[in-house]
Structure formats: C-alpha cells, structure tokens
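In the text below, chain A, chain B and the rest are named by the order of the sequence lines, each starting its count at 1. Remember, it's a predicted structure, so these values are computed and weren't measured experimentally.
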Amino acid sequence: MIDKGYINKTAAQSILGRWEARLKLPGLMLLIFTFAFIRDLRLLPFLVLAAALTYSFSGLSLKHLIKRMRMPGFFLVAIALILPFWSGQTILWQLGPLALRLEGLLALLVITVKFFSILILVIALFGTTTLPQMAIALRAIRIPWLITDLLLFTYRYIYQLLSDLNRMRIAARLRGFRANSFNAIKPLAFITGTMLVSSHNQSERVFQAMTLRGYGNTKQPLPIFSPIPADFILLAVYILLSALLILFQFII
Amino acid sequence: MIAEDLKISSLRYSYPGQKPILQDIGLVINSGEKVGLIGPNGAGKTTLFLLITGILKPSAGQITVFEKPVKPGAFNPQVGMIFQHTADQLISPSVHEDIAFGPQNMGLGEQEINKRVKEAATLAGIQHLLERPPHQLSAGEQRLVALCGILAMQPRLLIMDEPTSDLDIRYRRRLIGILSHMEDKTLLIASHDLEFILETCSRVILLESSAICADGSPAEVMGNKTLMEKHGLEVPHSLSVSWHKHRKTIKKPGH
Amino acid sequence: MIAEDLKISSLRYSYPGQKPILQDIGLVINSGEKVGLIGPNGAGKTTLFLLITGILKPSAGQITVFEKPVKPGAFNPQVGMIFQHTADQLISPSVHEDIAFGPQNMGLGEQEINKRVKEAATLAGIQHLLERPPHQLSAGEQRLVALCGILAMQPRLLIMDEPTSDLDIRYRRRLIGILSHMEDKTLLIASHDLEFILETCSRVILLESSAICADGSPAEVMGNKTLMEKHGLEVPHSLSVSWHKHRKTIKKPGH
Amino acid sequence: MHLPDGIITAPAIIGGYAAAAGITAFSMYKIKKQHINPRNIIPRAALLTAAFFAASLIHIPIPPVSVHLVLSGLMGVMLGWFSFPAIIVGLLLQAVMFQHGGLTTLGINACIMGVPAILAYYIFYIRKKSGQKKPLTHALLAFGASFIAVVLGALMAALLIIFATPAYLDAAAERNAVIALSIAHLPVAIIEGVFTAIVVLFLLKVKPALLECDGQ
Ligand SMILES: Nc1ncnc2c1ncn2[C@@H]1O[C@H](COP(=O)(O)OP(=O)(O)OP(=O)(O)O)[C@@H](O)[C@H]1O
Ligand SMILES: Nc1ncnc2c1ncn2[C@@H]1O[C@H](COP(=O)(O)OP(=O)(O)OP(=O)(O)O)[C@@H](O)[C@H]1O
Ligand SMILES: [Mg+2]
Ligand SMILES: [Mg+2]
C-alpha cells in the first residue's frame, strides 16, 4: 500500500504479494511481535537476517526501502540520549559527570536493531498488501466491523482531504497568508474548521448515495477464502521461526 | 393504459424549522418519458429528488413510484439516482467493486453481479477503467462510473442531478449518446444546462418558488421567452434562433 | 506603448515524474485585455494558472507579470485568482472577515480594510450577506464572495478558473455584468462554458496537448468549426447561427 | 507522542493491546446506546477521521520552530466515544501509509491518545450540564479539555518510557524525567488548547450541529 493505493506490479507478483492476506497478516504480525519481545543480544543477527530475507521476498526494491525508512522519532532519540549515560554500572569512559555505561549502550543497541528490523518487516507487509485486503484480513481475525468499516471509509477519503487541504492552503497563500508567526494559528484553525464542516456535509451526501444503493440492506460477505498449500507452508515457516526465537529468548 | 411510473400529489416539504421549499406539488410521469427539471439555484430540485427516492420524508402529500407508495428509508433498486457531486457516490477501492456495490446489496449471486458490471461498463465504454481506483479518474470518467453503478442495478426510473456540471464538451456529448439509447427507462434530469435538456428530454418541468410553474414540451416551455425570463432563465440559443434546427436536434420528437 | 501585463516565453512544465503538461508555451497579454482560455479536461489550464501565480515553478522558461519575473512562492497582491472549487477559498466564519483576509495579509490599516470590503461587496451586490457564514450560502453567492475577497486586494490581473460551473443562469448573468464593468483590469478566464467566454472576452486561446493551438478573436477561434471539432469542442450556438447577432453580444469589440 | 516499535517491553505491549481492546469494546457499547443504527454514522465518523488525519499534518509556527498538532482534544470534543475507534484507525493508517508510529505499540499509542480524548469529551460536555450557551464558555471548556488531554497524554507517555522501557534509572532521576517530559509538553498543550478553542468557536458560528456528535 504505497501512496495512492497502488501496490506495484513486481510487489504484487512476489512471494509475499501472492500470499493470501488472511494468513500473511497473522504470520508477519506474529514475527513482528516476537521481535518486540526479544532482549537477548545474541539473537540480534537473526532478527536482521529474518527481516532482510522477508524483505527480499517482497519484490520491493532497495530504493523503496531507503525511501520509506523513517528516521527514529522524538522518543527514540530521547532514549538514545538517556540510556548510555544513565543506565548501568560498567563505566566505559568518563568525562566529568558524564559517564558512558556499557549496559546502557547495549540496551540502546538492542532497541535500535529491533526498531529497524520491525520497520523493515512493516514496509514489506504494507508494501505487498492493499488496504482492502488488509480490511478483509482484519475482519477474518474478528476485529470489530466498526473498526474495519471505519478503516476502509477513512482510507477512501484521506487523499481527497489531503488535496483539499492543500488547495485551501494554496488559496490562502495567494491572498498573502504566510504561516510564519504564531498569529497564523487563527487562519490555520479556520482552515481546519472549514475542512471539518465540508467533510461533514459531504458525509451526509455520501450516506444518502450509499443508502440508495442498498448500504446496510445485506451484510457484505467476506470474499471466498481459497488458500493454496503454499499459503499454509509460508505461515508454518513464520510460526516456526517465531517459536524458535521465543524459545531461545525465554527458555534457553 | 400507460403505466404511471411516478405519481406525486399535494406534496409539501420543508426542512426542519424553515419555510416550505415545495408546496402542493402534483405530477405524473408515465413509463418511458424523458423529463427535464429546470429552475434556479435553490428552487428545490435536489430536494424533490431526495423525496422521490425516500431519503427525505414529505411533510404532507403522497408519492407513489411504480404504483407503490414510497417508504422513507427503504431500499428500492428500481429507482436509481446519480448525484450532483459524483465523487460522493464512489466509495469502493476499484471501479469494478464500485459498480458491483449496488447489485451486491441486492443480494445477487457472484456470476450475475459480474455480468451486470460488464454490461454496464460496456454500455458506457469504460471497460478499460475497471481496475482503477475511482477517485483517481477525471471528472468525466467519474460521472460515467457513477452512472454504471446505478445501471448495474437495472433501475426502471433513473434520476440525474446536474449531470453535466464540470464536464467538458467531449464527455457531455458521450453522456447524451448514452442517454439517448435508453428507450425503456424513465428519465428525470435536473440541469442548468438547457441545451442538454433540449437534447435529451421530451418534456420539461419548470420549478420555482416552491411550485411547478410550467410543464410541457421543451419547445413550449423553454421556447417561451416571457416565461423563461420571468423565472430568471433564458431561451436556449438553439431554440431562440431557429425552430427548425431544434426539431432536428431532438432525438425522439414523437415521444 | 501598451504595457505587457503578462509575458510567457518557452514555458515548459511537468508534474514530478510525468510527461510534460505544458510545452514551449509563449504568450503575451496586454494591459486591459480580456482573455478566455479554452480546452478539454486535463489540457493544463489550471496548471498554467498555478504557474502564473507562482504556486508552481516552471521546469523551463520565463514568466513575467507587470514586467517583473514571477518569484515562485512570493505573494503578489496585484495578481488575484479565483479557484474552480470556490469553497476552498472561503475559510473565515463570516463573509466580512473572509473578504478582509487578503487586505489584512497585505498589512493594511483597519479603516482601509473596511473601506475595501464595503466597496467590493457593493460592486458584487452582496452587502446583505456580510455577517453570514460563507459556508451556508448558495453556490452562486459563494462565488461572488470569493470574487470580493480577491477584488478587495485590488489586483490588476484577475484570473478565474471555471467561474460558471454550478451557477444558475441568474448568477451567471450577474457575473457577466460585474466582469463587463472591469475596464481597467486584465482578465484571464478558463471555462468550458463557451457562451460565457463569448460574452466576457475579447480574445480566446485554445490549449490542447500541451500547446497553444489557436489564439485570436472569439469569432475567429470559436467560430472555426474545423478547428473546434478537431479539439473535441463545439462552435457555440450563438456563433454558429448568426454572425451578426454575435457582433452585438460582445461588449467591447474594439478592444 | 507516538511510542515507536522496539523500545517497549513485552508486558507493556500486551497490556496496551488488552487495554485498547477493552476500551474499544466499551466505546462500541456506548455508541450503540447513543445511536439507533451505528452503521449510519460510519460515513460521517470516517470523513471526520480522515479530516483529522489531514489536519494532524498542519504545523503551527512558533518561531524559530513549529509544532504539529496532536488533536486528541478536538477529536474527543467532536466525536465523543467515536474518538477511540477513530484514533485506532488513524494510527493504523499512519503506520500503513507512512510507517509512522509503530505497530506493536499501536495499543499503547491508542490509549495515550484515546483516553485523553474521551476525558476531553467529558470536560467539554460540562457545557450541556450547565446549560451555558455563551461562546466564551465553549472556548474556555474547549481550551481546558484540549490542554488537559495533551498534558495527560504526555504524562502517560513519560511514565511508559520510564517504566516500560529498558531505561533503568534511579527513583529521583525517574521523577525528574517525568516532570521534564511533561513540562516540555506545556507549550504544545497551550497551543493545542488555543487551536481547539478557535475551531470550536468557528463551528459554533458556522455549523453548531458538529458539536453535537454524540447524538444527544
Ligand atoms: N439539509 C438542508 N437543510 C436546510 N436547508 C436546506 C438543506 N438542503 C437544502 N436546503 C435549502 O433548500 C432550498 C432548496 O435546495 P435544493 O438543493 O433542493 O435546490 P436546487 O434546486 O437543487 O438548487 P441547485 O440548482 O443549486 O442545485 C435551498 O434554499 C437550500 O438552501
Ligand atoms: N498535482 C498534480 N500532480 C500530478 N498530476 C497532476 C496534478 N494536477 C493535475 N495533474 C494532471 O495534469 C493535467 C492537467 O491538469 P489541469 O488541472 O491543469 O487541467 P485543466 O485544463 O485545468 O482541466 P479541467 O478542465 O478538468 O479543469 C491532468 O492530466 C492532470 O491529471
Ligand atoms: Mg441541486
Ligand atoms: Mg482546471
């Protein structure tokens, strides 16, 4: 699900792209959660390896990965500044009150590797699954209709609203509006208010149009679930991988 | 006897807490008629459509469609409406799914649905768009998709609200072509584009100040300069200039 | 010598990662000219306007407005633009505040702002709406408010994108009336409503497949059946039927 | 205020999801009680959710920096109990479209934003209890609701960072960190409060029905 709702052809044709979403979502999510639970330093290379292999099954390019890689946000940076200096006893290096500590540094390493490995998995998962497929998979694992319906409809309108917002800002700019001081808060709040009002009016028209086409008249059935053996084999591989990682982390 | 597809009698409607928008409206539309509805902004054209489709509930009066009273809120696949803001009508992630939305809600089988989607898309000439997301299409293409979504439900009464706004001349022509092939359907079209009404309709109704001010053939109503100017309208150029030319333009004058 | 209000030379533009929308466009508009821009959906009319106003940056070529090069992103109160979707332009909770928005951003004094708001509202005949929230007005009224918001900035070049879409005939007339009183302003209007162009413009430019295909008087361009039909357009009725009638319709043929 | 993947410990992740599931279930119960046919408001809730999603990309300049809006307070005020599912959907879409936020921490992040949103709804709801119709009352309540929502969210995030990450600090350092993180959010809370108050005044004038989304 790359911008604008398309997933590219090679991604759709890849191993991950052809994996039935109702099995792919649980399979990859299991691995993602497993990654989140890992603390053992020795397992880190395996996380990286599993993430890289999974990504190579996605048919997505390295360029795509780099473009999608986000730099760690505020909280991760805050932690990166706190951990090595305040956490642990083994002092590696000291300058006045500032002491670099081994335990903190190692904890930071674990966090960073986990962060990027999970990010790679997430990019592979969403790069090979369309949002409608996602919604079907979520319904199949019993996520309430309120969430899945809301998800589909919201997604349907996001790009439109983003471009509406963009047009409103362009129009305001042409009338001399500059968001360069705190005073800009008032026009920005007006723009937001305008967007909320027009979205609401639009939602009323949408609802009328949908009613006339029988929305709510019958329950939408899930598309037929017809997995092939390979779908289950892939799922088994990911379950096994997660199980091994968990085994190493918590038992051995 | 000709079937009365739509019958409205002593209809009144006002939005909560406002003056009546429609007052004492009476109207009969026979099966197969192509009716244009004209009138200034705010005359109540859209409101009338919402009443006919059962989205709004009349304050007083009766509306019967295909000889059955309209039940507000009930789903009637025999009545299809295309909204002015077409984008509001397109809700699915692909054109194919969007056209299938109505038939699915009618509870039809997978095969029948696919057949209908194909038929509608072929009629409108948009087969090549079936896999595209509807909101990426141009205004003209979107309008054709919305039309297909309704046609796939095979309605007998087709209502269109300002179908030509935002369309360039090419798409407008195409729409006229599609509509002129719908002999078996009853059409009800609201528009400010009087030339469009002239080319697609065999009867015109003029709505203003909450009442029907005129009802007759396009030439009678829209060719009447005094009447049109009284209601802030203008005689379409092709009518004002040459009556003979107009006779040729209307597709089915015998209707 | 007549001042060149707008001068475009060898302009090229393409949206990131796409084929060029505009290619090698050259164009000079003199002070006081009223220019209509026609062409099918997707021809690049709106894109051209965004380039002239400095919202988009040309891929190649120069644009000068009032003999100064356009600086992308810089605000020039002398150039005003009215958008196709007027609702995007109206952001304040009252019409008065909305019209004052531009002058405020220009850093004018309170008194001057109020004077300008009044003047613009009087010209458009919407004084009675000043306290209403713009979002509750009809499509026609909203368009007039957007026009006032631009007029209050007293631009010398006024750009309008599809000003008549959604308007009924009464508001369309009123808009024609207002525009025909703007002798001192340079107008640039994109529209699919060829009759409207005919009534408001003294020069027409036809844009298609990324180039200017024709440029001349309305009668020359829009009256040329072969040219128009080649570009999916139609000769407006009032031109096709009687040349003399048209001579009378154009307000300032001597321009 | 999104906690990313990889820093939160296992029990907190599971706890976050459990709490989010519980609150979603309770929200659905409340929504069903307020609306006869909840399916009918999905289009409206979805469009507003999309609008909030777009608005959360707006940056408010306070030179030399600019802050971007959280909007949990405004969502609570306008959507009531619908704000919790709306926030889940918004976070999911952010993860899907921009890989922003975090997937394992979705439950936690939903609570960090959603619980303050519901609190904001009840704070703003005071205007009905008191029967006050004045714009000033609306503005003050909107400011308060939104301010408290941001501060509460920051506090929850700070506590989680201290107690649910591998950052083992001593007690005094932990207390200082919580205080520091909360204080760092005070300017954001004020901006957010002012912004929400202006939007509420705008809606009150232009479309008051939008402040009555709870169907009461
Ligand atoms: N939901 C609503 N609540 C209150 N008033 C409304 C509502 N919808 C429309 N109106 C009012 O009812 C009147 C008729 O509106 P309607 O949309 O039916 O007119 P119309 O003939 O379709 O106009 P247009 O040509 O602009 O589409 C207008 O004055 C409008 O302001
Ligand atoms: N932001 C954008 N990014 C990419 N392509 C765009 C963008 N905006 C417009 N286009 C494309 O550029 C082309 C020209 O668009 P433009 O809006 O300028 O046409 P137009 O002549 O104004 O059409 P219309 O008559 O429908 O208003 C179209 O093919 C359109 O799809
Ligand atoms: Mg209407
Ligand atoms: Mg355009």
Side-chain angles (χ1 to χ4, degrees), chain A residues 1 3 32-33 36-37 68 70 72-73 75-76 78-79 82-83 86-87 107 110-112 114-115 118-119 122-123 126 131 134 144 146-147 149-151 153-158 161-162 165 179-182 184-186 188-190 192-193 195-197 199-200 202-204 206-207 210 216, chain D residues 2-8 10 13 24 28 31 37-40 42-51 53-55 58-63 78 85-86 88-90 92-93 95-100 103-104 157 161 165-169 173 177 191 194-195 198-199 202-203 206-207 210:
Chain A
M1 166 104 23
D3 307 328
I32 289 171
F33 275 93
F37 295 164
R68 296 257 124 192
R70 290 182 4 90
F75 284 113
L76 201 59
I79 286 205
I82 293 173
L83 271 181
W86 277 281
S87 186
V110 173
I111 284 178
T112 315
K114 277 161 68 178
F115 175 84
I118 292 177
L119 193 56
V122 169
I123 294 172
F126 294 139
L131 202 96
M134 273 265 296
L146 182 70
I147 304 274
D149 274 20
L150 200 56
L151 180 68
F153 279 115
T154 304
Y155 178 68
R156 156 70 180 78
Y157 289 106
I158 274 184
L161 284 178
L162 286 175
L165 179 65
N180 56 7
S181 80
F182 184 65
I185 195 170
K186 193 169 134 190
L188 287 174
F190 285 173
T192 305
M195 193 165 64
L196 291 169
V197 171
S199 313
H200 177 263
Q202 187 186 1
S203 73
E204 251 155 35
V206 170
F207 181 62
M210 286 173 59
Chain D
H2 301 328
L3 298 183
D5 286 314
I7 69 166
I8 300 293
I13 288 175
T24 306
M28 284 184 71
I31 290 167
N37 186 358
R39 235 173 241 276
N40 292 359
I42 292 269
R44 166 158 127 197
L47 261 156
L48 289 177
T49 305
F53 185 100
I58 291 179
H59 289 251
I60 303 289
I62 23 173
M78 288 183 61
I88 292 187
V89 165
L92 190 59
L93 282 171
V96 171
M97 289 164 58
F98 308 133
Q99 282 80 51
H100 184 99
L103 216 52
T104 56
I161 289 207
T165 66
Y168 304 111
L169 308 175
I191 290 167
V194 172
F195 186 86
I198 301 175
V199 173
F202 178 91
L203 294 177
V206 171
K207 188 117 190 166
L210 268 179

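The side-chain contact (heavy atoms from CB on, under 4.5 Å) check on D:A50 picks up A:T154, A:Y157, A:I158, A:L161, with sequence neighbours excluded. For A:S199, the side-chain hydrogen bond (donor to acceptor under 3.5 Å, both in side chains) test picks out no residue, with sequence neighbours left out.
Looking at D:F195, the atoms closer than 4.5 Å to chain A (heavy atoms on both sides) sit in the backbone and in the side chain alike. Residue contact with chain A, scored on non-hydrogen atoms closer than 4.5 Å, involves the backbone and the side chain of D:V199 alike. When heavy atoms are compared at a cutoff of 4.5 Å, D:I88 approaches chain A solely by way of its side chain, counted from C-beta outward. For A:L165, the part lying under 4.5 angstrom from a heavy atom of chain D is the side chain only. Both the backbone and the side chain of D:I191 have a heavy atom closer than 4.5 Å to some heavy atom of chain A. Proximity to chain D is limited to the backbone of A:N180, based on heavy atoms less than 4.5 angstrom apart. With a threshold of 4.5 angstrom between heavy atoms, A:A184 approaches chain D through side-chain atoms but not through N, CA, C or O.
Note: A:I185 leads A:I185, A:T192, A:I118, A:V197 in heavy-atom pairs under 4.5 Å with chain D. Contact count versus chain A (heavy atoms, under 4.5 Å) is highest, among D:I31, D:L93, D:T49, D:I62, for D:L93. When each of D:A45, D:P43, D:G90 is checked for heavy-atom pairs under 4.5 Å with chain A, D:P43 comes out on top. Each of A:Q202, A:M210, A:E204 has some count of heavy-atom pairs under 4.5 Å with chain D, and the biggest count is that of A:Q202. Between chain A and the options D:A86, D:A95, D:A10, heavy-atom pairs under 4.5 Å are most frequent for D:A10. Ranked by non-hydrogen atom pairs under 4.5 Å with chain D, the options A:L146, A:V122, A:L162, A:I147 are led by A:L146. In terms of non-hydrogen atom pairs under 4.5 Å with chain A, the most contact-rich of D:I13, D:I42, D:L103 is D:I42. When A:D149, A:V110, A:L196, A:T112 are compared by the number of non-hydrogen pairs under 4.5 Å with chain D, A:L196 comes out ahead. When D:V89, D:T24, D:L47 are compared by the number of non-hydrogen pairs under 4.5 Å with chain A, D:L47 comes out ahead.
Residues D:D5 and A:L119 fail the side-chain proximity criterion, which asks for heavy atoms closer than 4.5 Å. Inter-residue side-chain proximity for D:I7 and A:F115 is flagged as unmet; no heavy-atom pair is nearer than 4.5 Å.
Taking all atoms of both residues into account, the shortest heavy-atom contact from D:A54 to A:M195 is CB-CE, 4.0 Å. A:K186 and D:I198 get closest at one heavy-atom pair: CA-CD1, 4.0 Å.
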For A:L151 and A:L131, run side chain to side chain contact (heavy atoms under 4.5 Å, CB included): C-alpha distance rounded to whole Å, both residues' side-chain angles, the deciding distance at 0.1 Å, then the answer. CA-CA 9 Å; A:L151 180 68; A:L131 202 96; 4.0 Å; yes
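A distance of 4.5 Å separates CE of A:M134 from CZ of A:F126, quoted to the nearest 0.5 Å.
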